[in-house]
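A note on names: the letters A, B, ... follow the listed sequences, proteins ahead of strands, and every chain is numbered from 1. Worth knowing before you read on, the calculation uses all heavy atoms, side chains too, and leaves out hydrogens, waters and symmetry mates.
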Amino acid sequence: MSRDGGALNEQQRAAVAFGEGPLLIVAGAGTGKTKTLAHRVAYLIEGGVSPERILLLTFSRRAAREMLSRAARIVGEAQATKVWGGTFHAMGNRPLRTYGRALSLPPEFTVMDQADAADLMNLIRSELGLGQQQSRFPRKDTLADMYSRVVNARQKLSDVLETSFPWCSPEAAGIKAVFHAYIDRKRQQGVLDYDDLLLYWHALTKAEKTGDVVVGLFDHILVDEYQDTNVAQLDILREMCRVNRNVTVVGDDAQAIYSFRAATVRNILDFPAHFPRAEVIRLEQNYRSTSTILGLTNAVMEPAAEKHAKTLWSERGTGPLPRLVTCLDETQQADIVCKAILEQREQGIALRQQAVLFRTGHHSDLLEVELGRRNIPFVKCGGLKFIETAHVKDILAMLRVLENPLDEMSWFRSLQLVDGIGPGTARQLIGALGVRRPPADQGAGVPSAESPLLALQSESLPVPATASEAFDAFRWALREAADLPPGSQIDRLRHFYEPVMERLHGNAEARLRDLEQLEHIASGYASRREFITDLTLDPPTSSGDFAGPPLLDDDYLILSTIHSAKGCEWTSVHVIHAADGMIPSDMATKTREEIDEERRLFFVALTPS
DNA sequence: CATTTATAAATTTTT
DNA sequence: TTTATAAATG
């Protein structure tokens, strides 16, 4: 990052000062693409474009923040903060809150994460009795994956089944039934999943009246990491640019690592066809790595089936050779990595400038223990997030019930927190509360979304006597929490929830800290709606246990999955578990394409150094 | 009859 | 660490 201060090179300058119309910037690893994009944003603003009419689509909110803070150094904070910046999903959320009515979407809609979507699939799966047949039916996560692929790749279910889930093909009819019910349920409840944010955004651009308003919001659209976008995102982009065609995309086909999310490199390869008369600019000078490292990365990519016509070069000369260390077992690996890290720190490479990268979240488990033992502070990115832990989801479910009383899944989860209420009673209660609108009701006016919360306080609910006391505590907590500021709502709900948590989950201490953290985050928000939405669209990446509180230690090591390390850079990188079955993952070696993606993944792991 | 408790099994990568 | 299924319990 310190190398950022220098002047732009010729290609970078051309990209920054490009005029109107579509532009593709092919930017190899370490060629200063973030810098270029940030400068382009600044250039547009200085050239008279209103910052609030610029849309910057990135892969994570962190990436958007970083880019805009760089732009701020040029044009000032006041201007840069007005730029719309974030992920496709988060940026879809905003126009949908304002204009969603055009698609009969209530502004208080709630957003489900992937796990919630899977839970809803599961509910429907069991309601349709698809669980207990002789032939085994796909499990909830598989169902959610399949659905997501259908939406994001814009493919027919039969094609998706054939290419990605061949063992499920015999169940096509049942799967289709689940999907239809799933779509209906989301509609009735005013709930969107991640995919819907893209789908509805696209629909919004095509809606009568509001379509042109939404498309007219922006003069320039810039997209980062374009190689990892999918067809649904391309569709949105095409519509959003249909009038002024000012779209700049940046990417590198050699770094495409999200095909499991239906991203396709075709988007970047076919950009000139999708956006006629597009200009293409290549950034080929690498500022990050030594030619020694580039030699290695080039060699890694050499056997790939699909070639990437790009010649990276560097002026940074040769450097220390990369080391390949063979370990007997994981214990030895942890030991060697810890030693290497400390050794390098002695040589003046701070912990912050080092990172440990791995293929899957749990690959770092043993290392984390060892780091803890040696008092090496670290923060882990990727893997299980704290939003995915049961206790956080429980609290969130209660908040969502307050926000959107028609959100059936959240009721289902919340109600079962009450001692003595299981799936059966919860389902009955959901009926009695009027959460599920009968389908006939749909066109007929706006049913009061308040009513399930009012009904909750009624005395004549089908609650078993054994659960009655706990149920009263539950409804009082919700009632009292309802109108407090977001932070206090969590505080109030915790009074009810903490004993429940000890009964259900154990390991109460660590979980308690998480809840305190959650309350702390919430207290920074003015509205509950914003808090809940942000939490699902931009979840905090660190997962609970730190070796030391990183707020006190300002120097700490980064542990990260390779996927979440994209775009970062460090002086020293340790890639662990670089062995058969882990990199490449044995889950992904069935086809040539999958192996190539694992190859690119390894490439991405090597380039930050 | 529904809930709780016990037992066994599985577990990529992310918005 | 979570999740599906089976038996035990109230």
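The closest donor-acceptor contact from the side chain of A:R185 to the backbone of A:E408 lies at 3.5 Å or more, if one exists at all. Using modelled atom types, one side-chain atom of A:E597 and one backbone atom of A:S259 make a donor-acceptor pair closer than 3.5 Å.
For A:N122, counting side-chain heavy atoms from C-beta on, the closest listed nucleotide (C:dA4, B:dT13, B:dT14) is C:dA4. Each of B:dT13, B:dT15, C:dT2 was ranked by its minimum atom distance to the side chain of A:R511; first place goes to C:dT2. Closest contact between the side chain of A:Q114 and the listed nucleotides B:dT12, B:dT14, B:dT15 involves B:dT15. Distances were taken from every side-chain heavy atom of A:T360 (C-beta onward) to each of B:dT15, B:dT14, B:dT12; the shortest belongs to B:dT12.
For B:dT14, one of the phosphate oxygens OP1 or OP2 lies less than 4.0 angstrom from a side-chain nitrogen or oxygen of A:T561. In this structure, A:S564 reaches the B:dT14 phosphate: one of its side-chain N or O atoms is under 4.0 Å from OP1 or OP2. Within the structure, a side-chain polar atom (N or O) of A:T425 is placed less than 4.0 Å from OP1 or OP2 of B:dT3.
Between A:R266 and A:L234 there is no side-chain heavy-atom pair separated by less than 4.5 Å. Residues A:H274 and A:N267 are in side-chain contact: their nearest non-hydrogen atoms beyond the backbone lie under 4.5 Å apart. Using a 4.5 Å heavy-atom threshold, the side chains of A:T87 and A:L537 count as separate. At least one side-chain heavy atom of A:Y182 sits under 4.5 Å from a side-chain heavy atom of A:D193. Residues A:L559 and A:F358 meet the side-chain proximity criterion, which asks for heavy atoms closer than 4.5 Å.
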Check against side-chain contact (heavy atoms from CB on, under 4.5 Å), A:L192 and A:L105: CA-CA 9 Å; A:L192 301 192; A:L105 186 68; 3.7 Å; yes
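Here the C1' atom of nucleotide B:dT12 and the NZ atom of A:K380 are 12 Å apart, to the nearest Å. Atoms CG (A:D596) and P (B:dT13) sit 21 Å apart, rounded to a whole Å. Atoms CD (A:E593) and P (B:dT13) sit 22 Å apart, rounded to a whole Å. Taking atom CG on A:L429 and atom C1' on B:dT3, their separation rounds to 14 Å, with Å as the unit. Whole-Å rounding puts the A:R125 CZ to C:dT5 P distance at 7 Å. When the P atom of B:dT14 is taken as reference, atom CD of A:Q233 falls 16 Å away, rounded to whole Å. When the P atom of B:dA10 is taken as reference, atom NZ of A:K140 falls 16 Å away, rounded to whole Å. Atom OH of A:Y147 and atom P of B:dT15 are 20 Å apart (whole Å).
Taking a centre distance below 5.5 Å and an interplanar angle below 30 degrees as the stacking criterion, A:Y258 does not stack against the six-membered base ring of B:dT13.
Consecutive Watson-Crick or G-U pairing (both distances under 3.5 Å) extending over three or more pairs maps onto DNA chain B as B:1-10 with C:1-10.
When each of A:D419 and A:E594 is assigned the nucleotide of DNA chain B bearing its nearest heavy atom, the one mapping closer to the 5' terminus is A:D419. In terms of position along DNA chain B, the nucleotide closest to A:R139 lies nearer the 5' end than the nucleotide closest to the other residue of the pair A:L601 and A:R139.
Residue A:L197 is out of contact with every strand shown, counting any heavy-atom pair closer than 4.0 Å. Nucleic acid contact for A:F59: sugar-phosphate only, since backbone atoms but no base atoms lie under 4.0 Å from a heavy atom of the residue. Among the heavy atoms of the strands lying under 4.0 Å from A:P423 are primed sugar atoms or P, OP1, OP2 only; no base atom is included.
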